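We name chains A, B, ... by the order of the sequence lines, and we start the count at 1 in each one. Nothing here was measured: the structure is a model prediction, and the numbers come from that model.
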Amino acid sequence: DAGVIQSPRHEVTEMGQEVTLRCKPISGHNSLFWYRQTMMRGLELLIYFNNNVPIDDSGMPEDRFSAKMPNASFSTLKIQPSEPRDSAVYFCASGLGDLNLYNEQFFGPGTRLTVL
Amino acid sequence: GDSVTQMEGPVTLSEEAFLTINCTYTATGYPSLFWYVQYPGEGLQLLLKATKADDKGSNKGFEATYRKETTSFHLEKGSVQVSDSAVYFCALFTGTASKLTFGTGTRLQVTL
């Protein structure tokens, strides 16, 4: 079975450009999470969805970041305009179950973003 | 709010050495506790979990016991292998927050 699929795996862009990261969760999962990982700040939860609805976006750093989940099988994280401090590895994870119960999160391989 | 504190890394051990990675937590209510592992170039994956006090989670030779009295969930392994080299994350979940709270991660390097 395919796991969580993220694309691209690597992205190099210049400051000011728009960046779109994509995620396909595991089929049948109803929760989706976007994380950012850096050496300085570790692993940060940016936003998560349950049944395609954003539940908590308090981790989104600023208005330059936006996330959508138009259907159960696809989500995007967009940065516009990008800045060098956005350079990080961005992970998508998915899970199955009720919102208030722990559901094991299955992580994708990540997208390594470099903003020059 | 909820938080997880892990020991600073990196931890460097020789193969077959005993491993302990400390983890303590602060949470409202009664959290479930987890260890996730991240191998080089990969995403995180669940290693083990414990859902109530005194539970012991175990997997692949790793163990951790949920200690409510000390709010701890230390990860142990009796004999590490080179293939255990990875970053280990302690995490907790409460129904109140409905999300995992991760520690900063501890890098383990095992040498021959």
Side-chain angles (χ1 to χ4, degrees), chain A residues 1-7 9-10 21 23-26 29-51 53-60 88-112, chain B residues 1-10 21 23 25 27-53 55 57 59 64 66 73 86-109:
Chain A
D1 288 340
V4 175
I5 298 172
Q6 292 187 246
S7 64
R9 292 294 309 274
H10 302 274
L21 310 181
C23 175
K24 177 178 171 57
I26 292 173
H29 282 189
N30 63 344
S31 294
L32 185 138
F33 307 81
W34 281 101
Y35 291 89
R36 177 172 69 178
Q37 185 178 40
T38 62
M39 291 293 291
M40 291 296 294
R41 295 185 297 271
L43 191 66
E44 304 171 278
L45 176 65
L46 301 177
I47 185 171
Y48 70 96
F49 297 84
N50 186 260
N51 294 323
V53 176
I55 302 300
D56 184 350
D57 65 354
S58 60
M60 296 285 264
V89 180
Y90 290 81
F91 289 103
C92 176
S94 71
L96 173 64
D98 295 332
L99 189 60
N100 294 316
L101 298 176
Y102 169 72
N103 307 299
E104 181 178 349
Q105 293 183 23
F106 295 82
F107 282 72
T111 295
R112 181 173 295 277
Chain B
D2 299 340
S3 66
V4 176
T5 302
Q6 289 183 235
M7 63 187 289
E8 292 280 331
I21 300 178
C23 171
Y25 67 89
T28 54
Y30 301 96
S32 295
L33 302 174
F34 310 87
W35 279 99
Y36 276 76
V37 59
Q38 183 180 27
Y39 297 104
E42 299 181 10
L44 281 70
Q45 55 186 275
L46 180 65
L47 179 60
L48 55 83
K49 66 180 180 182
T51 57
K52 61 182 187 294
D55 269 2
N59 186 25
Y66 188 144
F73 192 56
V87 181
Y88 293 82
F89 291 87
C90 186
L92 67 82
F93 179 91
T94 64
T96 304
S98 297
K99 60 185 180 182
L100 280 169
T101 299
F102 285 94
T104 53
T106 302
R107 181 176 298 278
L108 170 65
Q109 181 70 44

Over all atoms of both residues, closest heavy-atom pair of B:A64 and B:L48:
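For B:A64 and B:L48, the tightest heavy-atom pair comes out as CB-CD1, 3.7 Å.
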
I want to check something: taking the side chain as every heavy atom from C-beta on, are B:C90 and B:L33 in contact at a cut-off of under 4.5 Å?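 Result no, sub-4.5 Å side-chain heavy-atom pair not found.
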
Residue [X] versus chain B: region with a heavy atom under 4.5 Å:
| X | result |
| --- | --- |
| A:Q105 | both |
| A:R9 | side chain |
| A:S58 | side chain |

Among residues at least two apart in sequence or on other chains, which ones pass ring pair (Phe, Tyr, Trp, His ring centres under 6.0 Å) with B:F89?
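Per chain and number, B:F89 pairs via ring pair (Phe, Tyr, Trp, His ring centres under 6.0 Å) with no residue.
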
Any residue meeting ring pair (Phe, Tyr, Trp, His ring centres under 6.0 Å) with B:F102, in chain and number order, not counting sequence neighbours
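Only A:Y35, B:Y36 meet the ring pair (Phe, Tyr, Trp, His ring centres under 6.0 Å) criterion with B:F102.
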
